[in-house]
Protein chains: 2
Amino acid sequence: MFSIGELSKRTKVKVPTIRYYEEMGLLAEAERTVGNQRRYDKAGLERLGFIRHARDLGFSIEAISSLIELQGHPDRSCEAATNITTSQLVDVRAKIKRLKALEKELVRISKGCDGHGVSEDCYVLASLADHGLCDREHTRGA
Amino acid sequence: MFSIGELSKRTKVKVPTIRYYEEMGLLAEAERTVGNQRRYDKAGLERLGFIRHARDLGFSIEAISSLIELQGHPDRSCEAATNITTSQLVDVRAKIKRLKALEKELVRISKGCDGHGVSEDCYVLASLADHGLCDREHTRGA
DNA sequence: GTAATGTCTCTAGTAACTAGAGGTTCAAGA
DNA sequence: TCTTGAACCTCTAGTTACTAGAGACATTAC
């Protein structure tokens, strides 16, 4: 049995975050000492490891909730879990695509200006003001 | 002179967002009609276009504030603006790198399971539970 | 026994909006 | 001129996934 601080050290999840996960229902309510402090066992440690790993992979709290629920239903786990993972992958790929377009434009913008030149006509500011200077469309979202 | 709704249509920035930008100091306080409604001129339209474009490129409100302030000081605009842009670029590149690592692991995880097989031993859930199954380290942040 | 550290709950703050309530103004048609 | 309906106003609160801080209690080491 370890304290919340111990758990935090082992999983690298901060103490208030652990309490937050409990509040959100990702972690079962922990046992308490007579003095009302939380105590965890190996199962709690593993569950938190799972959560942390999934968060690192960018899964939302909601998605993780679904995954956890699936663990209790082995009959339909596999397909549903794969669906969640695939949707996460689609999401990640869309973000990469968008960021690459942004990278391209930022490179273009920052190259236009050498940092010590034409002072009253900064290319960075002009580029940001005029979307028409962009090579291609880029939009919000994703 | 156009209303906030007109401005919204032209810039594709939602009405409450325009008010929010004003509150945050990105937009100057608009003139008002006798009935207290906001009215904008061409300068307001351009300023909002600038903000929107910068937001699309992922600049934070704070960074945009700095850029706007720089527009009033042509003597030091160029270098400082380039610095902000470069830092934004570094940020975007770090995000891309991290997302590519995630993509790789998600592909690996979702391939492990064909979606209709071994029901009580889902590879997705196992992978998420056990960080040791990862090819490489991946961490939070960026 | 005491001091230091850890833990408890609760509230509020973060970024960048978005949604909704309840009330006012504007513009167009009859 | 009057009326109607859309657009506008302010204000509060909600979103996501935490983080920070206050003030009080528990545990542990010496």
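Just so you know, these numbers use all the heavy atoms, side chains as well, and skip hydrogens, waters and symmetry mates. Naming convention: chains lettered A, B, ... in sequence-line order (proteins, then strands); numbering from 1 in each chain. Everything numeric in this text was worked out from a predicted model, so none of it was measured.
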Would you mind reading off the distance between [X] atom [atom1] and [N] atom [atom2], rounded to a whole angstrom?
{"X": "B/E31", "N": "D/dC8", "atom1": "CD", "atom2": "P", "answer": "16 Å"}
{"X": "A/Y40", "N": "C/dC8", "atom1": "OH", "atom2": "C1'", "answer": "12 Å"}
{"X": "A/R52", "N": "D/dA17", "atom1": "CZ", "atom2": "C1'", "answer": "15 Å"}
{"X": "B/I18", "N": "D/dC8", "atom1": "CD1", "atom2": "C1'", "answer": "12 Å"}
{"X": "B/E22", "N": "C/dA16", "atom1": "CD", "atom2": "P", "answer": "18 Å"}
{"X": "A/E62", "N": "D/dC18", "atom1": "CD", "atom2": "P", "answer": "14 Å"}
{"X": "B/M24", "N": "C/dT14", "atom1": "CE", "atom2": "P", "answer": "10 Å"}
{"X": "B/Y20", "N": "D/dC11", "atom1": "OH", "atom2": "C1'", "answer": "16 Å"}

Do the side chains of [Y] and [X] get nearer than 4.5 Å, heavy atoms only?
{"X": "B/K12", "Y": "B/R52", "result": "yes"}
{"X": "A/S3", "Y": "A/Q37", "result": "no"}
{"X": "A/R93", "Y": "B/E103", "result": "yes"}
{"X": "A/Y21", "Y": "A/I61", "result": "yes"}

[X] side chain to [Y] main-chain N or O, any donor-acceptor pair under 3.5 Å?
{"X": "A/S8", "Y": "A/V13", "answer": "yes"}
{"X": "B/R55", "Y": "B/F59", "answer": "yes"}
{"X": "A/R47", "Y": "A/L26", "answer": "yes"}

Exercise for the section: Tell me, yes or no, whether the heavy-atom count around B/E31 atom CD, taken from other residues, nucleotides or ligands under 6.0 Å, exceeds 12. Expected result: no

Closest to the [X] side chain, choosing from [options]:
{"X": "B/S60", "options": "D/dC18, C/dT18, C/dA16", "value": "C/dA16"}
{"X": "B/R32", "options": "C/dT18, D/dC18, D/dT10", "value": "D/dT10"}
{"X": "A/I4", "options": "C/dC8, D/dC18, D/dT10", "value": "C/dC8"}
{"X": "A/I61", "options": "C/dC17, D/dA17, C/dC8", "value": "D/dA17"}

Practice task
Check every strand shown and say whether A/R19 touches a base, only sugar-phosphate, or nothing at a heavy-atom separation below 4.0 Å.
Solution key: base

Below the 4.0 Å mark, does [N] have OP1 or OP2 next to a side-chain nitrogen or oxygen of [X]?
{"X": "A/S3", "N": "C/dT7", "answer": "yes"}
{"X": "A/R38", "N": "C/dC8", "answer": "yes"}
{"X": "A/Y21", "N": "D/dC18", "answer": "yes"}

Pairs under 3.5 angstrom, nitrogen or oxygen only, protein versus nucleotides 3-6 of chain D, please.
none

Problem - Residue list, side chain to side chain contact (heavy atoms under 4.5 Å, CB included) with B/D41, at least two apart or on another chain - result: B/M1, B/A43

Handout entry: Cation-pi geometry met for B/R10 and B/F2 (6.0 Å, 45°)
Key = yes

Are any protein N/O atoms closer than 3.5 Å to N/O atoms in nucleotides 26-28 of chain C? If there are, list each pair with its distance.
from, atom 1, to, atom 2, distance (Å)
C/dC26, OP1, B/T33, OG1, 3.0
C/dC26, OP1, B/G35, N, 3.1

Exercise for the section: Identify, between A/K14 and B/G5, the residue whose nearest nucleotide on DNA chain D lies closer to the 5' end. Expected result: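 With A/K14 and B/G5 compared, the 5'-side residue is B/G5.
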
